[in-house]
Every structure is written in C-alpha cells, then in structure tokens.
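So the structure is just underneath, and the comments pick up after that.
By convention here, the first residue in the shown sequence is residue 1.
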Amino acid sequence: MARILIIEDEAAIRRVLVKILSEENSKYEVLEAEDGLVGIEKIKGEDYDLVLCDIKMPKMDGVEVLEAIKKIKPEIPIVMISGHGDLDTAVNTMRLGAFDYISKPPDLNRLLNTVRNALDRKELVIENKMLKKKVSKNYEMIGESKAISDIKNIIEKVAATDARVLITGPNGTGKELVAHWIHQKSDRSKGAMIEVNCAAIPGELIESELFGHVKGAFTSANKDRAGKFEAANGGTIFLDEIGDMSLSAQAKVLRALQENRIQRVGSDKDIKVDVRVIAATNKDLKKEIAENKFREDLYHRLAVILVKVPALNDRREDIPLLVTYFSKKISKEQGSPIKNFSAKAIKQLQQYDWTGNIRELRNVIERLIILGGDEISEEDVKLFAAK
C-alpha cells in the first residue's frame with residue numbers, strides 16, 4: 001500500500017485531497033500534517049512513498065519543507081500544491097527537486113495522474129538502487145569463508161563513499177574483483193572504471209599512459225593524447241600492481257590525489273579531474289618504503305581503506321563453491337554439458353597447495369572438464385590436476 005502524506009495548513013483542502021485519493025484507490029494510505037514542521041517530524045519517523053506539500057504555510061513554507069525533505073529522504077517524490085499567486089514559486093521548486101506541482105483547487109484528473117506518475121517514479125528509483133547493488137556476474141566474488149565475508153562487509157560500507165582503497169594479496173587471488181565490486185556498488189557506477197596494469201607498462205611510458213601527453217612531448221608523440229585519469233573522470237581508476245610504478249610517476253599520482261589536478265606530459269596546463277582511486281599490489285609496500293622504492297606519503301594517501309585478499313590456501317572451505325561456479329561457467333562458455341565433481345574429487349582439490357590461487361584453480365577445473373570423465377572423479381583429479 002502506497003503511503004501518501006499531505007502537508008497543508010488548510011483543513012478543507014486536506015479533506016478534499018484525502019477524499020479524492022482514498023476514494024480513487026483503496027491501495028493509497030493517506031495521512032495528514034497541518035504544517036511543515038509536523039510534516040518533517042512525520043517523515044523522520046516513518047516511511048512515505050509520496051508527499052503533497054502546500055507552498056504557503058505558517059511556521060515553515062513549502063520551499064523550506066522541500067529542501068528539508070530532500071536532505072532527510074531524497075528518494076521521496078514531492079508534489080507541490082500552489083495557489084494562483086504561487087505559480088512562479090512552484091516552477092522554481094521543480095529546479096529544487098520537486099516532482100511536479102498542482103494548482104488549487106485541484107483538478108481531479110490532473111491530481112490523480114500526477115500522483116500515479118510520482119509513485120511510478122519512486123518505484124523506478126528503488127529498482128535502480130537495487131540494480132546498482134547487484135554486481136555483474138563477470139565479477140562475482142564466490143565464497144562464504146570468514147575472510148570473504150569480511151571483505152564483502154567492508155565493500156558494503158566503503159562503496160558509497162569516495163574513500164581511496166588499497167587492495168593487497170598474492171597474484172591470482174582476485175584483487176581486481178574487489179575493485180570492480182567497489183565501483184559497481186558506488187555512486188560512480190554509471191561512470192567508467194579504467195584499469196591500468198602498472199607492471200605491464202614500461203617505466204618511460206607510464207606517465208604518458210596515466211596523464212596523457214601533448215604533441216611533441218617526446219619522439220613518438222605525434223598528437224595530443226588524453227591519459228587514463230582523464231578517461232576515468234567522473235568514475236574510478238584502478239591502479240593494479242601499483243608497487244611496480246616508478247618513483248617519478250608516483251610523485252605525479254600523489255599530486256593528482258592531493259589537488260585533483262593533472263598535467264599532460266610536456267604541458268604545464270592543469271586539468272581538473274574527479275576520479276576515485278583504487279589501487280592494488282602483491283608487494284609489501286611498507287618493505288618497499290623502507291627500501292626507498294615506494295613513497296610513504298603516497299602509501300598513506302592510498303591506504304585510507306585497506307583490504308587484504310587471502311590466498312586460496314587460507315580459504316580452502318570455499319573450494320567446493322568455486323568448483324561449482326567455475327564448472328558451470330566453463331561448460332557454458334564451451335557449450336558443453338555441465339560436469340559434476342564427486343565429493344572425493346573436491347576433497348582432493350582441497351588438499352592441493354594452490355600457489356597460483358583462484359587463477360590456477362580455474363585453469364585446473366577447465367582442464368578437468370576437457371579431459372575428465374562424465375563425472376570428475378578423484379582419479380581424474382590425481383591424473384590431470386597434478387603439478
């Protein structure tokens with residue numbers, strides 16, 4: 001049942017609105033507030049799907065009520081009720097976030113259509129928020145171990161903020177999955193997530209890759225080129241293997257984090273950027289700092305939130321779930337029937353030393369699906385998963 005709150009100081013108008021809405025749709029629960037202050041207190045204490053609010057009221061006018069509600073519960077659509085002399089103000093409230101306005105005395109069809117449209121919009125907003133909470137199946141984090149549950153809890157808390165995150169852990173553990181989860185659950189999810197593998201880019205090119213360059217900055221710079229920070233503007237940049245970044249590039253990244261500005265290589269012009277930075281490394285950065293290979297000031301800028309992704313050997317209880325997930329995914333990719341793994345086969349897999357972590361496990365499962373029997377047995381594992 002949709003709950004509608006009418007904030008109106010004139011009792012007669014309130015009665016008319018309550019009568020129209022209640023008689024039109026039995027699924028509307030219509031409640032009243034005689035002024036803005038009472039209305040705001042009701043909204044603080046209860047949930048509403050729609051607010052109808054008069055503009056001219058004593059104690060607190062409708063514009064102030066609108067602004068207050070938008071701060072308390074911004075998802076609630078608000079329809080303003082305007083007298084003839086309030087039309088300019090009513091139009092202005094649309095700029096402040098009101099869904100629509102209706103004039104006094106209310107036209108029946110206009111009122112009902114506006115209410116229906118506003119409630120439909122509320123459902124759409126809720127649906128979009130729920131979709132945002134879902135993460136693409138390409139980046140699922142599979143597991144129910146305490147370590148994985150702890151990581152998921154951290155992500156839920158930090159995703160909605162712009163806090164920088166440093167993800168650590170051995171190669172193949174899925175650090176990039178954590179980065180994608182954070183981005184996709186954030187308010188920046190509509191923006192781009194730009195990934196940069198700092199270890200894969202030659203040291204002399206990393207600054208150009210990150211910050212772009214201007215024509216003539218170096219021998220092969222034939223034209224101006226935007227860098228990854230500009231491409232990620234409004235979204236997220238994921239600096240993978242940041243421990244392999246050169247000290248000179250680190251200095252420029254530090255400046256970008258401090259000032260939200262970058263300079264293309266060969267230019268002295270500042271470019272303002274709005275980018276959330278997530279970094280990852282398989283190195284011990286504190287050891288790198290002690291050896292003067294990583295800047296301590298950059299470390300503290302990046303490590304606002306620390307997420308440590310465990311090795312697969314430290315979460316063996318998740319292997320059965322991972323086996324099921326990968327076997328279904330790989331079978332679908334290959335267009336072949338899904339193969340089951342026997343309990344003994346899974347137990348055998350749990351006993352291996354997974355130095356390559358999740359990445360190695362996936363490769364082994366793919367090998368077993370291709371080479372094993374209709375059901376993967378313990379013997380298949382011993383034969384085809386051997387190191």
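Every residue meeting the side-chain contact (heavy atoms from CB on, under 4.5 Å) condition with E41, not counting sequence neighbours, appears here in chain and number order: K44. Residues satisfying the salt bridge (Lys or Arg N to Asp or Glu O under 4.0 Å) test with E230, not counting sequence neighbours, are R264. Partners of K228 by side-chain contact (heavy atoms from CB on, under 4.5 Å), not counting sequence neighbours, listed by chain and number: I194, V196, E209, I237. Partners of D61 according to the side-chain hydrogen bond (donor to acceptor under 3.5 Å, both in side chains) rule, which considers only residues two or more places apart in sequence or in another chain, do not exist here.
Using a cut-off of 4.0 Å between Lys/Arg side-chain N and Asp/Glu carboxylate O, D9 and K56 are scored as not salt-bridged. Of the charged side-chain nitrogens involved, at least one lies within less than 4.0 Å of a carboxylate oxygen, so that K59 and D35 count as a salt-bridged pair. Checked for salt-bridge contact, K347 and E378 miss the test: no charged N lies under 4.0 Å from a carboxylate O. Between K146 and D150 there is a salt bridge, since at least one side-chain N of the basic residue sits less than 4.0 Å from a carboxylate O of the acidic one. Taking the charged nitrogens against the carboxylate oxygens, K152 and E156 have no contact shorter than 4.0 Å, which rules out a salt bridge. Ion pairing between E259 and R255 holds under the 4.0 Å rule for side-chain N and carboxylate O. A salt bridge links D100 to R110: one of the charged nitrogens lies within less than 4.0 Å of a carboxylate oxygen.
Heavy-atom minimum distance, S327 versus I369: CA-CD1, 3.6 Å.
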What donor-acceptor contacts under 3.5 angstrom involve side-chain atoms of residues 165-174, with partners at least two apart or in another chain?
from	atom 1	to	atom 2	distance (Å)
N171	OD1	N282	ND2	3.0
T173	OG1	P170	O	2.8

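Side-chain contact check for N313 and D353: at least one donor-acceptor pair (N or O, by modelled atom type) lies under 3.5 Å. A side-chain N or O of D380 and one of S377 form a donor-acceptor pair less than 3.5 Å apart. Side-chain contact check for H213 and Q263: no donor-acceptor pair (N or O, by modelled atom type) lies under 3.5 Å. Remark: the S248 side chain and the E207 side chain contain an N/O donor-acceptor pair separated by less than 3.5 Å.
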Intermediate values then yes/no, salt bridge (charged side-chain N to carboxylate O under 4.0 Å, His left out), K104 and E8
CA-CA 12 Å; K104 294 179 183 179; E8 164 66 67; 3.4 Å; yes

Carefully, step by step, assess I370 and Q334 under the rule side-chain contact (heavy atoms from CB on, under 4.5 Å).
CA-CA 10 Å; I370 295 170; Q334 296 179 351; 3.8 Å; yes

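Pairs engaging residues 297-313 under the salt bridge (charged side-chain N to carboxylate O under 4.0 Å, His left out) rule: R295-D297 [sequence neighbours left out].
Shown here is K73, whose NZ atom has more than 12 heavy atoms of other residues, nucleotides or ligands within 6.0 Å. Heavy atoms of other residues, nucleotides or ligands lying less than 6.0 angstrom from CD of E67 number more than 12. The environment of CG in N153 is crowded: more than 12 heavy-atom neighbours from other residues, nucleotides or ligands sit within 6.0 Å.
Hydrophobic clustering keeps L302 apart from M193 (ILVMFWY residues linked when any side-chain heavy atoms are closer than 4.5 Å, directly or through intermediates).
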